Amino acid sequence: MKGSIFRQILLGHLTIVLLLTGAVAFTSWHLSEDFSFELLKGHLRDLAYGLRPKVEELTRQGNLKALQSLVQKAKAETGARITVIDPKGVVLADSEEDPARMENHRGRPEVKEAMEGKVGVSMRFSTTLKEEMLYVAIPFQLPDGRGVLRTSLFLRDVRQFLGKLKGRLFLTALIFALFILPYSYFSSCRISRPIKEVVRATSRVAKGDFDVEVPFQGKGEVGELSEHFNEMAKRLKELFEENLRRREELEGIFSALQDGLLVMDREGKVLFSNKKAEEVLGKTLQGVSFWEVEDPALRQALSRAKRKGGLKEEVEIGGRVFLLSASLLPVTGQTLVLLHDITPLKRMEEMKRDLVSSVSHELRTPLTAIKGFLETLEEETDEKLRSQCLEVIKRHVERLANLVEDLLVLSELEGRELKLELQETDLREVFKEILPPFEQKAREKGLRLSVEIPRDLGSFKADPFRLGQVLFNLLDNAVKYTERGEVRITARREGDRMEIEVSDTGIGIPKEHLGRIFERFYVVDKSRSRRLGGTGLGLSIVKHIVLLHGGEIEVESTPGVGTRFKVRLPL
């Protein structure tokens with residue numbers, strides 16, 4: 001009985017030892033295999049991250065020769081194959097083969113993962129080198145998308161090493177079995193190893209490394225622990241990345257806002273200010289209390305916003321007017337402040353008031369004159385005087401008609417819905433249509449009208465009708481305000497622009513008026529302008545049409561010598 005129990009215990013111990021030895025050998029081989037591949041992957045990944053800055057720089061520069069030299073040099077130093085792939089999958093450089101003869105790599109699994117912003121890993125047969133290889137690919141950013149830097153190693157040496165390792169492990173296990181090593185030793189090793197892995201992995205997660213993974217430890221509680229730990233690490237990584245992405249999205253939205261944004265805490269300290277707010281204030285207010293703000297109007301407005309929680313008022317900062325809106329965030333107690341630039345609206349209101357005032361003033365004079373002469377006509381019986389009154393009324397009616405017509409043209413030009421009808425335009429043809437009336441007026445005043453347009457000037461893209469309005473108004477002013485001498489028109493090509501010049505030997509414009517002559521209703525000599533039928537809108541129309549063409553206009557004038565307008569339009 002005793003012998004039977006002994007045999008049973010011995011056989012049981014031998015069975016347990018053999019089973020444990022075999023399990024340990026088998027597990028060790030797999031762990032060594034996983035460790036070897038993880039080590040290779042880590043080596044290839046670290047190599048790729050080390051090369052990425054230089055590869056990204058050379059790729060952005062388009063210096064493929066230097067890029068090829070870089071990967072070949074890295075191959076000589078590390079023994080790894082290195083491949084650089086652009087966002088379309090085209091191989092830009094390779095340390096083993098001629099990139100020009102290599103096929104498109106966009107479909108490679110590791111390249112696909114890298115183009116999605118991940119670290120791509122693949123172990124497969126290379127169609128280029130006809131051998132099994134381990135590939136690791138990482139992304140790098142290019143202006144047109146993500147490029148890929150891939151590193152790889154042959155697996156034949158690893159396989160040979162693992163084969164030898166496998167034989168040695170089983171030989172060692174056999175020796176251990178023959179010497180009947182204590183069961184407790186194997187048991188403690190088998191249990192403590194995965195626990196150490198979990199502890200080491202937990203330490204890495206605590207430091208922010210969520211890419212850690214505990215090797216699979218088989219079934220049982222330890223295996224469940226490793227599996228649950230890996231799931232937890234994966235979930236933590238997803239949550240961390242999601243939080244980081246949301247934060248970046250919010251910062252991107254705040255930075256893209258066209259309004260200034262400030263966030264103050266309960267004490268009035270600025271926690272956040274976006275780029276627009278920094279542009280408005282000329283510096284960042286982040287970390288600064290509102291009472292330290294230099295601008296007194298803004299400082300007082302922020303004080304009221306903090307005190308009231310909700311506020312909406314206008315405040316002037318640096319010569320511009322802003323609508324300040326403040327809202328209290330109940331959950332955090334923070335105050336959100338928006339600064340919306342309403343300066344253009346204020347200027348528009350002022351321009352509308354000025355326009356109404358100017359139009360009213362310009363209409364009042366001819367209307368008053370017409371009314372007065374109509375009353376005179378009712379009482380006057382002298383035919384000669386009545387004829388003179390009618391002539392004056394006619395002249396003022398024409399002035400009113402011209403004024404209304406110019407206002408309609410200007411309104412149309414300033415309307416957002418206006419689109420130029422661009423077509424190939426011959427400047428000579430445009431002048432043929434507008435010159436006849438001015439030739440007659442020039443003859444009547446004894447002026448010389450000179451037109452110098454080369455026959456080989458050619459055509460260019462423009463709206464011929466609007467261009468005719470520009471030239472008509474410039475010629476009209478030149479003839480009106482020139483009593484002797486000449487009005488000269490020239491045109492020529494200057495680089496990528498068409499330059500048209502209208503000059504005269506008229507009364508000229510004083511220097512202090514040159515900066516305002518393109519404003520609505522602005523005239524240098526009002527009495528002369530009214531006598532000649534001017535509305536004060538012609539040059540404003542000219543400027544709007546030139547700007548709509550993407551051109552520019554400038555004026556040079558000397559009183560008593562003459563005036564010269566230059567119009568430059570893109571070809």
Side-chain angles (χ1 to χ4, degrees), residues 358 362 395 399 402-403 406 409-410 427-428 430-454 457 462 466-495 497-547 549 551-570:
S358 298
E362 293 296 328
R395 187 169 67 252
R399 174 171 167 76
N402 291 337
L403 181 62
D406 284 350
V409 172
L410 193 59
L427 201 57
R428 298 171 63 85
V430 175
F431 274 113
K432 280 183 182 180
E433 294 182 7
I434 66 170
L435 274 179
F438 296 112
E439 290 174 340
Q440 176 65 27
K441 290 180 181 178
R443 283 194 297 270
E444 292 174 358
K445 298 181 72 173
L447 301 176
R448 184 169 63 257
L449 186 59
S450 171
V451 180
E452 299 176 10
I453 302 178
L457 184 66
R466 298 299 180 188
L467 184 57
Q469 287 182 308
V470 169
L471 299 175
F472 185 92
N473 279 290
L474 292 178
L475 280 172
D476 187 46
N477 281 347
V479 174
K480 275 181 182 177
Y481 297 104
T482 303
E483 299 301 330
R484 62 179 181 274
E486 69 171 344
V487 174
R488 188 165 172 261
I489 305 159
T490 61
R492 59 182 174 275
R493 287 174 178 261
E494 289 288 339
R497 299 214 162 211
M498 178 71 71
E499 184 176 289
I500 306 168
E501 185 177 301
V502 178
S503 59
D504 61 60
T505 57
I507 60 175
I509 304 170
K511 184 177 181 180
E512 63 270 18
H513 295 284
L514 287 176
R516 300 189 61 188
I517 60 173
F518 294 106
E519 296 179 11
R520 302 183 191 89
F521 296 110
Y522 190 84
V523 290
V524 178
D525 187 341
K526 293 186 177 181
S527 61
R528 185 185 185 96
S529 177
R530 291 195 183 98
R531 187 172 69 253
L532 296 175
T535 63
L537 295 173
L539 290 179
S540 182
I541 292 172
V542 167
K543 184 174 181 180
H544 273 82
I545 295 175
V546 171
L547 292 178
H549 277 82
E552 57 186 25
I553 183 171
E554 63 181 42
V555 58
E556 299 173 4
S557 185
T558 303
V561 176
T563 304
R564 177 169 57 191
F565 285 90
K566 285 184 180 180
V567 176
R568 297 185 182 90
L569 302 175

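Small disclaimer: the values here were computed from a predicted structure and weren't measured.
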Kindly give the heavy-atom pair with the smallest separation between Ser450 and Glu486, and that separation in Å. CB-OE1, 4.0 Å
With sequence neighbours left out, write down each residue that passes side-chain contact (heavy atoms from CB on, under 4.5 Å) with Val555, or none if nothing qualifies. Leu514, Ile517, Phe518, Thr563, Phe565
How far apart are the C-alpha atoms of Arg568 and Glu554, what are their side-chain angles, what is the distance that settles it, and do they pass the side chain to side chain contact (heavy atoms under 4.5 Å, CB included) test? CA-CA 9 Å; Arg568 297 185 182 90; Glu554 63 181 42; 3.1 Å; yes
Side chain to side chain contact (heavy atoms under 4.5 Å, CB included) assessment of Lys441 paired with Leu449: CA-CA 10 Å; Lys441 290 180 181 178; Leu449 186 59; over 6 Å; no
Is a side-chain donor or acceptor of Asn473 paired with a backbone partner of Gln469 at a separation under 3.5 angstrom? yes
When rounded to the nearest 0.5 Å, the distance separating NZ of Lys445 from NZ of Lys480 is 10.0 Å
With rounding to the nearest 0.5 Å, note down the distance linking CG in Leu471 to CD in Glu433. 11.0 Å
Check against side chain to side chain contact (heavy atoms under 4.5 Å, CB included), Leu475 and Phe431: CA-CA 10 Å; Leu475 280 172; Phe431 274 113; 4.3 Å; yes
Write down the atom of Leu569, the atom of Gly551, and the distance for their closest heavy-atom approach. CD2-CA, 4.2 Å
Within 6.0 Å of CD in Glu552, more than 12 heavy atoms from elsewhere: yes
How far does CZ of Arg493 sit from CD of Glu499, to the nearest 0.5 angstrom? 13.0 Å
Using 0.5 Å steps for rounding, measure from the CG atom of Leu467 to the CG atom of Leu427. 6.0 Å
Evaluate the criterion side chain to side chain contact (heavy atoms under 4.5 Å, CB included) for residue pair Asp504 and Tyr481; output intermediate values, then yes/no. CA-CA 9 Å; Asp504 61 60; Tyr481 297 104; over 6 Å; no
What pair of heavy atoms forms the shortest contact from Gly562 to Ser557, and how long is it? O-OG, 3.2 Å
What pair of heavy atoms forms the shortest contact from Thr505 to Arg484, and how long is it? OG1-O, 2.8 Å
Close side-chain approach of Lys566 and Arg564, heavy atoms under 4.5 Å: yes
Ser503 OG to Leu474 CG distance, which is reported to the nearest 0.5 Å: 11.0 Å
Does the distance from a Lys or Arg side-chain N to an Asp or Glu carboxylate O, for Arg492 and Glu452, drop under 4.0 Å? no
Which pair of non-hydrogen atoms, one from Ala491 and one from Ile453, has the smallest distance, and what is that distance? CB-CG1, 4.3 Å
Nearest 0.5 Å, please: how far is CG in Leu447 from OG1 in Thr482? 6.0 Å
Would you say Val470 and Ile500 make side-chain contact, with heavy atoms under 4.5 Å? no
